Visitor: 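Please find one structure pasted underneath; my questions will follow.
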2 protein chains.
Amino acid sequence: MAKKKTSIKDIAEALGISITTVSFIINGKAREKRISEEMTQKVTDYIKKIGYKPSHLAQSLRLGKSRVIVFMVEDISNQFFASIARLIEEKAYKNGYKIIYCSTDNDVNKAKELISTFKMRNVDGFIITPTPDLETTIISLMEEEQALVLFDRWIPELDTSYVVVENQKSAKEATLHLIDQGSKNIGFVTVDSNQTQMLDRLAGFQEAITEKGSNQETLKISPFIIEKKQISLHIQDFLTMHPSLDALFFSTNYLAFEGLLALAALGKKIPEDIKILSFDDHYLFNLYQPKITSIEQPLEAIAEKLMESILGQLDAEAPSKPPQKVVLPNKLNIRESSLKGF
Amino acid sequence: MAKKKTSIKDIAEALGISITTVSFIINGKAREKRISEEMTQKVTDYIKKIGYKPSHLAQSLRLGKSRVIVFMVEDISNQFFASIARLIEEKAYKNGYKIIYCSTDNDVNKAKELISTFKMRNVDGFIITPTPDLETTIISLMEEEQALVLFDRWIPELDTSYVVVENQKSAKEATLHLIDQGSKNIGFVTVDSNQTQMLDRLAGFQEAITEKGSNQETLKISPFIIEKKQISLHIQDFLTMHPSLDALFFSTNYLAFEGLLALAALGKKIPEDIKILSFDDHYLFNLYQPKITSIEQPLEAIAEKLMESILGQLDAEAPSKPPQKVVLPNKLNIRESSLKGF
DNA sequence: TACATTAGATAAATCCTTTTAGCAGAGGTC
DNA sequence: GACCTCTGCTAAAAGGATTTATCTAATGTA
């Protein structure tokens, strides 16, 4: 038999006092509400003795706050999102918040459905990597004055808080590095989508190419390919069709992984035959032989800023600030795969 | 202005009927409670029109169920746990449950604290990878008849539901494979802890060694080493101290990663100089040159069984069953790193 | 006609808190 | 003595649902 949870009412009855008094004491308002020292002590002792803990559900209902934050990402099993999840967890729990996660698979309908079910669960805040076409739903969240911060990508038309990284700048910088290392004909392998972060990376790449007058080819992989093997084959085709490519820039790490497989299959040597560089650092890149040059996003800073923003919005005390728009710098980790002399 | 949420009361007032009627209709009890077809239609239409959704908080308070499941693991950013997280998410949402995650860092105190805060949040179920010394807390959960299932490791003394894999059998099988490929002197690199899964893997390894009369060395890495580089150095030392080792069996993938770094640093060739094999498959293992042989846990099956168990316990209809103890088979992916002829 | 049954709806209790408004008594002031 | 202020505590409403017990009017039965 699951023993019934003790409630504030039980305490009041046991001590022969009112619920109100108990509540005031629990919430540290004894002084303010002129509860005597003696009474406060008695109640405090009793609560400690029976190990009473207030029901969060009842509190949430009463206060209209659930102390739950939703972490809605494209795919929680993706190393990048999982790492952020880990980092924000810490800060959330420290502030008395819990985190519910969910994955959208970058599907608008799924995202809309999730947001709608969360709204009826009275969650306090949303941390979201928006899917395409999510504007209207985000707008409705804004209208309802929900605490909200976007990350990884954002929606240019909307005046929301967001935390992203310098995608364009870092992509340009990395491309310049490749050119600097003697690459004349660089292939850019990216996802065929209009997510801001991917567009910005492409823009940064092209900016560098134009500036230096280099040659380039672009391969856009459909985001709907489930079978990873297919991606690898596409990249092989791309390389075969453009035999003069002497460097590849992958817009994200999972493409790079498939690219490495493709290169191995074709027997191309890195960096002698072709130089390699990828956005989104990964443990693997430091392990692979040769080690792969990559652009590392500042995970801790991202998590920090995300929680800072969302907690700031949730802090009832603070005056409501205008949306915070944070753009963080990345770090180019130059390793063996992009060096000419190696 | 955040517009006030409409409640069941508002609907009742707007239609000039009672709250009870609305509630019955919402909960599909119209027929059972003899609400007229006409009335049901009217209410249903109105609800659809204004887009009303009941407050989950209020429902939870009333029903004592929150439809939230806690997923408590060692570290959510670990690929293994993140993958499971992704898989159980799907099944949970499909059944109207949400998932709150948290990471224990394998620290009892943190785990205890987390469990205690979750209890006061009325979560419905717990999926847990237990830390050492968590017995008493788990026992109290069992006494309170909380829905509970352990995974990855379990607590032999306790009669709980759990989902684990055939650690010992697979480790033995893998070791036999190494011996079969000509290894005479195998090193086992593991974590220095008494988590059941690690002990079982060691036991399986030793069983094979004993059976075949091979030689072995064991290296136990302290789980408290934060700096990954240190692990790699430990493994280097181990290899230097035991130069006759011709194979290494890593009890989990992150040790293998460091082992690969160590071998690269020492200039050892895989598999010519030394054969390699690791527990816990990883994307990387298929990518590394040479590809690394590994034991793959059945992620989908684990997730499936976890949710089956927890939902089974949460299903009020079903008679309370005895704890389900599930032990799933792994798959040995034989790749280049363990083959003699390669 | 008198009584039992049923259809259709509802009042009110309950879940557990928080918080506003107010009450009773003691002491102070003129 | 009349009025005010302050201290210490509490009754009751509110938050949004579910569910039991009950009520009324209509129909069925004899």
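A note on names: the letters A, B, ... follow the listed sequences, proteins ahead of strands, and every chain is numbered from 1. Computed from a predicted structure; not experimentally measured.
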Visitor: Is any NZ, NE, NH1 or NH2 atom of the basic residue among Asp10(B) and Lys5(B) found under 4.0 Å from an Asp or Glu carboxylate oxygen of the other?
Guide: no
Visitor: Where is the tightest heavy-atom contact between Arg86(A) and Ser77(B), given as atom of each residue plus distance?
Guide: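 Arg86(A) and Ser77(B) have their closest heavy atoms at CB-CB, 3.7 Å.
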Visitor: Nearest nucleotide by nearest heavy atom, which residue falls closer to the 5' end of DNA chain D, Gly16(A) or His56(B)?
Guide: Gly16(A)
Visitor: Taking atom types as they are modelled, would you say the side chain of Arg62(A) forms a donor-acceptor pair with the base of dG15(D) within the 3.5 Å cutoff?
Guide: no
Visitor: Base, sugar-phosphate, or nothing for Lys29(B), non-hydrogen atoms under 4.0 angstrom?
Guide: sugar-phosphate
Visitor: OP1, OP2 of dC16(C) versus side-chain N and O of Gln59(A): anything below 4.0 Å?
Guide: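 No, outside the criterion.
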Visitor: So which nucleotide from dA9(C), dA17(D), dG22(C) ends up closest to the side chain of Ser7(B)?
Guide: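 Taking heavy atoms from C-beta onward, the closest nucleotide is dA17(D).
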Visitor: Using atom CD1 of Ile35(B) as one end and atom P of dT6(C) as the other, report the distance to the nearest whole Å.
Guide: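 Atom CD1 in Ile35(B) sits about 18 Å away from atom P in dT6(C).
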Visitor: May I ask you to decide if Ile69(A)'s main-chain N or O and Lys98(A)'s side chain share a donor-acceptor pair within less than 3.5 Å?
Guide: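 No.
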Visitor: Could you please name the option among dT18(D), dT17(C), dG16(D) that lies closest to any side-chain atom of Leu63(B)?
Guide: dT18(D)
Visitor: Report the distance from atom CD1 of Ile26(B) to atom C1' of dT18(D), rounded to the nearest whole Å.
Guide: 11 Å
Visitor: Figure out the CG/C1' separation between Asn27(B) and dA17(D), and round it to whole Å.
Guide: 9 Å
Visitor: For Leu57(B), answer base if it contacts any base atom (sugar-phosphate contacts may also be present), sugar-phosphate if it contacts only those atoms, and nothing otherwise; contact means non-hydrogen atoms under 4.0 Å.
Guide: nothing
Visitor: Treating Ser103(B) as the side-chain partner and Ile76(B) as the backbone partner, does any N or O pair qualify as donor plus acceptor under 3.5 Å?
Guide: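 Such a contact is found between Ser103(B) side chain and Ile76(B) backbone.
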Visitor: Can you tell me the distance, in whole Å, between the CD1 atom of Ile25(A) and the C1' atom of dT18(C)?
Guide: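 That distance rounds to 14 Å.
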Visitor: Which nucleotide in the set dA17(D), dA9(C), dT19(D) lies at the smallest distance from any side-chain heavy atom of Phe24(B)?
Guide: dT19(D)
Visitor: With respect to the side chain of Pro54(B), which nucleotide from dT18(D), dA9(C), dA17(D) is positioned closest?
Guide: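 My answer, after comparing the listed nucleotides, is dA17(D).
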Visitor: Given atom CZ of Arg34(B) and atom P of dA26(D), what is their separation to the nearest angstrom?
Guide: 16 Å
Visitor: In whole Å, I'd like the distance from the NZ atom of Lys65(B) to the C1' atom of dT14(C).
Guide: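 So the two atoms are 16 Å apart, to the nearest Å.
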Visitor: Using the ring-ring contact (aromatic ring centres under 6.0 Å, His included) definition, which of the options Phe81(A), Phe151(A), Tyr101(A) pairs with Phe71(A)?
Guide: Phe151(A)
Visitor: On DNA chain C, check which nucleotide each of Ile19(A) and Glu37(B) is closest to and give me the residue with the more 5' one.
Guide: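 Nearest nucleotide further toward 5': that of Glu37(B).
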Visitor: If only side-chain N and O atoms of Tyr52(A) are considered, is one of them under 4.0 Å from the OP1 or OP2 phosphate oxygen of dC16(C)?
Guide: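 Negative; the distance criterion is not met.
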Visitor: What is the distance, rounded to the nearest whole Å, between atom CD of Glu13(A) and atom P of dA11(D)?
Guide: 12 Å
Visitor: Which part of the nucleic acid, if any, lies within contact of Thr21(A), taking any heavy atom under 4.0 Å across all strands shown: a base, the sugar-phosphate backbone alone, or nothing?
Guide: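 Thr21(A): base contact, heavy atoms under 4.0 Å.
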Visitor: Hey, is Lys42(A) close enough to Glu38(A) for a salt bridge, meaning N to O under 4.0 Å?
Guide: no
Visitor: Rounded to whole Å, please give me the gap between CG in Asp10(B) and P in dG16(D).
Guide: 8 Å
Visitor: Under 4.0 Å: is that the gap between some side-chain N or O of Ser36(A) and OP1 or OP2 of dC9(D)?
Guide: yes
Visitor: Compare side-chain N and O positions of Ser18(B) against OP1 and OP2 of dA11(C) and report whether any pair is under 4.0 Å apart.
Guide: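 Looking at the OP1 and OP2 atoms of dA11(C), neither is under 4.0 Å from any side-chain N or O of Ser18(B).
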Visitor: Is there a donor N/O on one and an acceptor N/O on the other, under 3.5 Å, for the side chain of Thr20(B) and the base of dA11(C)?
Guide: yes
Visitor: Report which part of the nucleic acid Ser23(A) touches: base, sugar-phosphate, or nothing (heavy-atom distance under 4.0 Å, all strands).
Guide: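 Touches a base.
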